[in-house]
Amino acid sequence: MTQTEVSHSPNKKSPGKKTTSSVNYIRSFAIGLIIPALLLIIWEVASRAGIFPQYLLPAPSAVLSTLVALASSGELWTHVSSTLSRVLIGFFLGTVIAVVLGSFIGFFKPLERLFDPLLQALRSIPSLAWVPLFILWMGIAETSKVTLIAVGVFFPVYLNIVSGIQGVDRKLIEVGKVYNMSTASIITRIVLPASLPSFLVGLRSGLGLGWMFVVAAELMGASEGLGFLLTLGQNTSRPDTILASIILFAILGKATDAILKQLENRSLRWQDRYET
Amino acid sequence: MLAVQEVSRTFDNGYKAFKPVSFNTDQSEIVGILGTSGCGKSTLLRAIAGLDLGFDGEISFHEQSVRNGTEHTGVVFQEPRLMPWLSVIDNVVFGLKGSKSEKREKGTRLLRAVGLAGTEKLYPRELSGGMAQRAAIARALVTNPQLLLLDEPFSALDAFTKMQLQELLIDLWETNHTSMLIVTHDIDEALFLCDRVLIFRDQPGVLFKDLTINLQRPRERGSLAMAEFKREILQSLDLNHDVHVRSAI
Ligand SMILES: Nc1ncnc2c1ncn2[C@@H]1O[C@H](COP(=O)(O)OP(=O)(O)OP(=O)(O)O)[C@@H](O)[C@H]1O
Ligand SMILES: [Mg+2]
């Protein structure tokens, strides 16, 4: 018997390697900043030189000062928080419904035959087409907005859960059967963890759609929110407001996605992924 | 012990994997099932493991039908089938019930027994093929099965690792005296491990010969006596001409 082959455990966690990889990370991050920084400088200079007219494309500094003004008046927080809460509530609702429905349909083939055609048909409707109907049913208030976002989030999460569950390796399930596990524990101990990667992919694309749909929902009519800032900027001919709102969307979208990405990295450490 | 009576398996599409077979195995016996590809060895093993209950006939272990549960049986598959999201130790104790510390202690002991001490926290992706198969053996043994079923457990491994694991299996057997049923198509492996070899052939399969390997342990690979058995097995497998021979049993 060999004791030798086990004595060298992979030295992935050795401190030396970790520092080099974080240095590499910072370096690649810095490299990625070069072009955006150059563009910003050119944009600023060109604006000041009067090449871009102020009423169409204000300088970055002007956008920044608009942002600062919004922040110091406290308005910024109102808009950000109302948009963020719409997205989060819609995301949560869409995800919960998708998880419940997706789990049942994934586990029980007959249910899939029953429900899937309908869901596929609903999915082929461009979701924005629902807007007038939702407004008619639920008015222009929060409910219709959150519902629209939930519909957008639902489909990617649902589809990924179903395909994740159905893609679970039958061979792993047999291991559970060998140990005389009940269906319930096979589901919780094998099927769910095995379909986790696919579920997380669904969550991230669902969140992306959530952000897309919140813009749509708020453009339809809102008294606060980043989408409202967009319309406000358009109606008052203030491109700086529009740009400030776009920047906030970018930051929030990226930040929430980063949270999910972090969650994914943490729960999928076991995955055998190609590392660059 | 294990009693297989007139067992056959006809699939939904009408295909018969093997014709009715009957055999018994004794306590602590290592029995090999040897046969050409497609003669129903895996199908038979899956039936004994309780993974496929669509067979005809009766299989019982210690007088208990496999249809009523197989809690005394452990299985090692051709692939390790480790749960990729569990660490090695959690994989090993996967089928165990009991307190956390109890599991941990048993798992660590088994890992040591299969030569994997110190790998507890690794994930399956960090293991070599041979290490993963060792972990799978540990997982099958952790519940103290009275019968260990192995379906071509080493066929995916290189010759060197294969020999190491065969020796490991014999070492484990010498401490526990677990009964084993090993499907293989490697004659040398069967001769090294088994007290008895059941030879299957044809499609659908028939049990053609029940050969007792009365060689002393520890066995020497490539010994003359083994070569003699090998010749006998090769002859009865009848690999050269596909004439259909009526079952000799
Ligand atoms: N679920 C199934 N449905 C129909 N036929 C099957 C099924 N499973 C196996 N068979 C058939 O039964 C026969 C025996 O299969 P089995 O896997 O038991 O062979 P084997 O002896 O283990 O072969 P190998 O040595 O290649 O693993 C094969 O001809 C196969 O095609
Ligand atoms: Mg097989």
Side-chain angles (χ1 to χ4, degrees), chain A residues 1-14 17-18 109 161 164-165 167-201 203 263-276, chain B residues 46 49-53 68-88 90-91 94-97 111-128 130-131 134 136 139-140 142-143 145 149 160-161 164-165 167-168 170-172:
Chain A
M1 232 175 294
T2 48
Q3 295 296 332
T4 43
E5 74 165 329
V6 297
S7 58
H8 56 89
S9 56
N11 56 348
K12 280 216 169 72
K13 285 140 206 140
S14 74
K17 197 165 176 187
K18 191 162 190 174
K109 269 268 145 72
I161 286 186
I165 289 174
V168 174
D169 194 349
R170 189 181 53 81
K171 292 176 170 170
L172 295 184
I173 293 177
E174 278 187 358
V175 173
K177 289 200 173 143
V178 163
Y179 290 109
N180 298 296
M181 284 185 178
S182 64
T183 309
S185 50
I186 286 182
I187 287 173
T188 53
R189 296 190 58 194
I190 301 175
V191 176
L192 289 182
S195 48
L196 188 66
S198 168
F199 171 59
L200 288 171
V201 168
L203 275 191
L263 186 78
E264 186 177 319
N265 284 345
R266 224 173 252 204
S267 46
L268 298 186
R269 249 177 331 185
W270 49 270
Q271 255 194 347
D272 199 359
R273 280 191 281 190
Y274 178 70
E275 288 167 38
T276 42
Chain B
R46 290 169 55 79
L51 286 174
D52 172 12
L53 294 177
N68 303 330
T70 51
E71 60 271 17
H72 302 298
T73 310
V75 182
V76 178
F77 298 95
Q78 183 169 351
E79 327 79 24
R81 301 199 185 181
L82 302 174
M83 307 294 152
W85 57 89
L86 294 179
S87 64
V88 170
D90 288 336
N91 263 295
F94 188 73
L96 267 189
K97 294 188 180 73
L111 276 178
R112 207 173 322 120
V114 299
L116 282 183
T119 62
E120 284 82 355
K121 295 211 172 63
L122 299 185
Y123 283 103
R125 69 178 161 96
E126 296 168 306
L127 302 180
S128 70
M131 290 162 87
R134 280 170 198 256
R139 176 179 66 188
V142 80
T143 51
L149 304 173
F160 185 64
T161 315
Q164 282 180 339
L165 290 196
E167 264 146 48
L168 166 72
I170 293 295
D171 285 350
L172 292 169

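A, B, ... follow the sequence lines: proteins, then strands. Residue 1 opens every chain. What you see is a predicted model; the values in this text were computed from it and never measured.
- Of the atoms belonging to Ser87(B), not a single heavy atom falls under 4.5 Å from chain A.
- Comparing Asp169(A), Val175(A), Leu196(A), Leu268(A) by how many heavy-atom pairs each has under 4.5 Å with chain B, the most go to Val175(A).
- Proximity to chain A is limited to the backbone of Leu82(B), based on heavy atoms less than 4.5 angstrom apart.
- Across Arg269(A) and Arg125(B), no two heavy atoms sit closer than the pair O-NH2, 2.8 Å.
- Contact count versus chain A (heavy atoms, under 4.5 Å) is highest, among Arg81(B), Met83(B), Arg139(B), for Arg81(B).
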**Request:** Might you work through the side-chain contact (heavy atoms from CB on, under 4.5 Å) test for Phe94(B) and Ile190(A), ending with a clear yes or no?
**Result:** CA-CA 10 Å; Phe94(B) 188 73; Ile190(A) 301 175; 3.7 Å; yes

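- Looking at Leu172(A) and Pro84(B), their side chains come closer than 4.5 Å, going by heavy atoms from C-beta outward.
- Here the side chains of Thr70(B) and Asn180(A) are in contact, with some heavy-atom distance below 4.5 Å.
- Just one of Leu51(B), Val75(B), Asp52(B) meets the side-chain contact (heavy atoms from CB on, under 4.5 Å) condition when paired with Lys177(A); it is Leu51(B).
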